[in-house]
Amino acid sequence: MQRIVIIGSGFAGLWAAIGAARKRQELGKENALEIIVINKNNYHGIRVRYYEEDLLATQIPLSDLLTPIKVNYQIGSVTAIDFIHQRIEVTTKGSTVESIPYDRLVLTAGSHLFTPAILGLQEHAFNIDTYEAAKKLNKHLHTCFKKNSGKSHTVVVIGGGFTGIEMACELPTRLKNIAQQSGVATDQIRVIIIDQHEIGSTLGLNPQPVILKALHDLQIETRSNSQVSSVSSTSVTLQSGEVIDTQTIIWTAGMRASALTDLFLAKKDNFNRLFVDDYLRIPTSLSCFAAGDVACAKVDDQHQSVMSCQHARPQGRLVGHNVVADLFNEPMIIYRQEQYVTILDLGSWGALYMDGWDRKVISAGALAKKTKININHHRIYPPLTKNAHDLFTAAAPIIQPIPSILS
Ligand SMILES: Cc1cc2nc3c(=O)[nH]c(=O)nc-3n(C[C@H](O)[C@H](O)[C@H](O)COP(=O)(O)OP(=O)(O)OC[C@H]3O[C@@H](n4cnc5c(N)ncnc54)[C@H](O)[C@@H]3O)c2cc1C
């Protein structure tokens, strides 16, 4: 019996597992190949929704997705890889270390928020990088609005990129709802977004004016070109000398690929991602593949993939197909993904639908919001029917067309 080990069950890892099981069935190799997923948690996390208040539907049990397709899984953290003997080390909850051999390895361990050495940031800032962090923020916000809590109703979001803008734009409505539930006046609510560059500039010149208008209309204060010098439990201090009183600081700036990429003797980019070849293999370790936020892959003749589920999901489906094909000397498929769109949630203002790498604005407001909700609530979900046929159908190793604006 041969074995494929997949590290991680996020957008890339889950689809790698389903794609691999699909190909295994197609080749009639069910009795010759075991597929096992190692993940830190027992769920597939819908990470792109962690800026939202309602997190109920963001954890899908792995048993619902992997058991129907006969993929095994183990909860634990991969801590070491022995490339010579082809084994990984997994640390499970009771600190037990287990060694698992592999014939092919797929690295889909994703990314994490990068926290720079700003005084107090690590200790006092909240974030929305994981389900647990998003839940902790939610609980804290409710605490701040408890009657007579004496806590500040100012929320500061640091980072004016994609995640920071989505978080900030969600807050006015969310805070008003919490305040009303607690019988607290809403006129004390302040939301401030800070960035060391122009807010929204990382998304490009085309969408920036729309983003700034949405922030203005939502009465979100902005501090562009502002460096944060320190953070405490009660304030944020900027290098300009401005001190903002707040007990809620949300850090959203900067992502890095999983530290497991450091174990590979391979070329990496500035985000710590491994450069992969056209088949999503790691060139220096050909029995190892990578996809999603740990991989820097060529999407067309000019561009490389970005850390996004738009790239992680198709890469997952394709890497699943390729890893099984490679094991049984079948042809692999070249990864290319030419179409690129960005859809930014702007809270109660709506959303922004942008096309291409220069992010030309296609639609802004309520219409774009409909598409964003469709993506976040339906399209990025795997079939929840616990049915192998449905899962395999959704895992075809193809690039699915991107939804156009819904009317
Ligand atoms: C708030 C927020 C909003 C976002 N919005 C968007 C958006 O609108 N559109 C978009 O395209 N992208 C968005 N993203 C980015 C998107 O979520 C990521 O690009 C995507 O999750 C990457 O998928 P992945 O499978 O590579 O990694 P992940 O989804 O991070 O999954 C990695 C998995 O690996 C597991 N893991 C990690 N290390 C280990 C280990 N050592 N051992 C075992 N398991 C391990 C983790 O527990 C996790 O389950 C957003 C991200 C955030 C945080």
Side-chain angles (χ1 to χ4, degrees), residues 5-17 36-52 55 58-60 62 73-81 88-92 100 106-114 127-134 137 157 159 161-168 170 203 250-263 271 273-274 280 290-297 305-317 319 337 340-346 351-354 371-373 375-376 379-380 402:
V5 171
I6 298 172
I7 307 175
S9 69
F11 291 104
L14 172 74
W15 287 104
I36 178 163
V37 173
I38 316 292
N39 195 54
K40 284 184 181 172
N41 316 297
N42 63 355
Y43 58 84
H44 169 62
I46 306 293
R47 194 177 173 204
V48 298
R49 292 188 59 184
Y50 292 164
Y51 67 97
E52 295 181 25
L55 300 172
T58 61
Q59 290 181 302
I60 306 165
L62 289 181
Y73 62 92
Q74 184 162 338
I75 311 310
S77 194
V78 174
T79 41
I81 305 171
I88 56 156
E89 259 183 24
V90 184
T91 306
T92 52
I100 301 175
V106 182
L107 182 69
T108 47
S111 58
H112 56 87
L113 190 64
F114 170 70
N127 69 73
I128 49 167
D129 198 38
T130 61
Y131 173 83
E132 291 73 22
L137 169 67
V157 177
F162 193 97
T163 307
I165 293 167
E166 287 199 329
M167 180 75 250
E170 226 253 345
L203 282 117
I250 309 171
W251 175 257
T252 66
M255 301 290 282
R256 289 291 179 279
S258 159
L260 288 179
T261 57
D262 294 339
L263 302 177
F271 299 101
R273 301 186 301 172
L274 294 159
L280 305 177
D293 282 5
V294 290
C296 180
S305 55
V306 292
M307 287 180 169
S308 69
C309 64
Q310 183 178 169
H311 287 152
R313 292 170 71 248
Q315 284 177 15
R317 295 195 296 269
V319 86
Q337 192 172 354
Y340 179 62
V341 302
T342 320
I343 309 180
L344 180 71
D345 201 338
L346 295 170
L352 188 51
Y353 188 115
M354 298 157 271
T371 307
K372 180 72 179 179
I373 291 172
I375 290 173
N376 272 14
R379 187 180 156 90
I380 55 168
I402 285 176

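Just follow the structure's listing: the first ligand is 1, and inside any ligand the first atom is 1. Please read these numbers as outputs of a predicted model, since none were measured by experiment. This chain uses plain numbering: 1 for the first residue, then up along the sequence.
When Val48, Leu113, Leu14 are ranked by how near their heavy atoms come to atom 4 (C) of ligand 1, first place goes to Val48.
Of all atoms in ligand 1, listed by their number and element, those nearer than 4.0 Å to a heavy atom of Ile38 are 43 (C), 44 (N). Of all atoms in ligand 1, numbered sequentially from 1 with element shown, those under 4.0 Å from a heavy atom of Asn41 are 47 (O). Close approach to Gln310 involves these atoms of ligand 1, each under 4.0 Å from a residue heavy atom: 11 (O). Residue Gly10 approaches ligand 1 through these ligand atoms, each under 4.0 Å from one of its heavy atoms: 25 (O), 29 (O), 31 (O), 33 (C), 49 (O). Ligand 1 places these atoms under 4.0 Å from at least one heavy atom of Gly292: 26 (O). Residue contact check: Asp293 has heavy atoms under 4.0 Å from atoms 18 (C), 19 (O), 20 (C), 22 (C), 26 (O) of ligand 1. Under a 4.0 Å criterion applied to the non-hydrogen atoms of Ala109, ligand 1 contributes the atoms 32 (C), 34 (O), 36 (N), 37 (C), 38 (N). In the vicinity of Ile128, heavy-atom distances shorter than 4.0 Å reach the ligand 1 atoms 1 (C), 53 (C).
Between the Ser305 side chain and the Cys296 main chain, no donor and acceptor come within less than 3.5 Å of each other.
Of the heavy atoms in Lys372, only side-chain atoms (C-beta onward) come closer than 4.0 Å to ligand 1. Heavy atoms of Thr163 found under 4.0 angstrom from ligand 1 belong exclusively to the side chain. The proximity of Thr108 to ligand 1, defined as any non-hydrogen pair under 4.0 Å, is limited to the backbone.
Given atom 38 (N) of ligand 1, the protein heavy atom at minimum distance is Lys40 CE, 3.5 Å. The protein non-hydrogen atom at the shortest distance from atom 43 (C) of ligand 1 is Gly76 O, 3.4 Å. Of all protein heavy atoms, the one closest to atom 27 (O) of ligand 1 is Gly110 CA, 3.2 Å. Nearest protein heavy-atom contact of atom 49 (O) of ligand 1 is Asn39 OD1, 2.8 Å. Scanning the protein heavy atoms around atom 41 (N) of ligand 1, the nearest turns out to be Val78 O, 3.1 Å. When hydrogens are left out, the protein atom nearest atom 28 (P) of ligand 1 is Arg47 NH1, 3.9 Å; that is the closest non-hydrogen contact. Shortest contact from atom 34 (O) of ligand 1 to any protein heavy atom: Gly8 CA, 3.3 Å. What sits closest to atom 20 (C) of ligand 1 on the protein, heavy atoms only, is Phe11 CD1, 3.7 Å.
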Quick one, Asp345 with Glu170, criterion side-chain contact (heavy atoms from CB on, under 4.5 Å). Give me CA distance, side-chain angles, the key distance, then yes/no. CA-CA 8 Å; Asp345 201 338; Glu170 226 253 345; 5.7 Å; no
Q) Going through the checks in order, is the side-chain contact (heavy atoms from CB on, under 4.5 Å) test met by Phe271 and Val306? A) CA-CA 10 Å; Phe271 299 101; Val306 292; over 6 Å; no
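No side-chain N or O of Thr261 forms a donor-acceptor pair with one of Arg256 less than 3.5 Å apart.
Residue-ligand proximity: Ser258 is placed with every non-hydrogen atom at 4.0 Å or more from ligand 1. By the 4.0 Å heavy-atom criterion, Cys309 is counted among the residues contacting ligand 1. Ligand 1 is never approached by Ala295 to a heavy-atom distance shorter than 4.0 Å.
The shortest side-chain heavy-atom distance between Gln310 and Val341 falls under the 4.5 Å cut-off. Looking at Val5 and Val78, their side chains never come closer than 4.5 Å, going by heavy atoms from C-beta outward. Annotation: side chain of Thr342 is in contact with side chain of Phe162 (closest heavy-atom distance under 4.5 Å). Two residues are said to be in side-chain contact when any heavy atoms from C-beta on lie closer than 4.5 Å; Asp129 and Met255 meet this criterion.
In this structure, Phe11 has its ring center no closer than 6.0 Å to that of His311.
Considering every non-hydrogen atom in both Ile60 and Ile46, the closest pair reads CD1-CD1, 4.0 Å.
At under 3.5 Å, a nitrogen or oxygen of Ala12, whether backbone or side chain, sits near a nitrogen or oxygen of ligand 1. Of the N or O atoms in Ala312, none lie within a sub-3.5 Å distance of an N or O in ligand 1. Where the criterion is an N or O separation shorter than 3.5 Å, residue side chain and backbone included, Tyr50 fails it with respect to ligand 1. By the 3.5 Å distance cut-off applied to N or O atoms, Ile343 is not counted among the residues near ligand 1. Residue Phe162 has no nitrogen or oxygen atom sitting less than 3.5 Å from a nitrogen or oxygen atom of ligand 1, judged on distance alone.
With Thr163 as reference, Ile128 is the one residue of Ile250, Leu344, Ile128 to meet the side chain to side chain contact (heavy atoms under 4.5 Å, CB included) rule.
To the nearest 0.5 Å, the span separating OH on Tyr73 from CD1 on Ile36 amounts to 11.0 Å.
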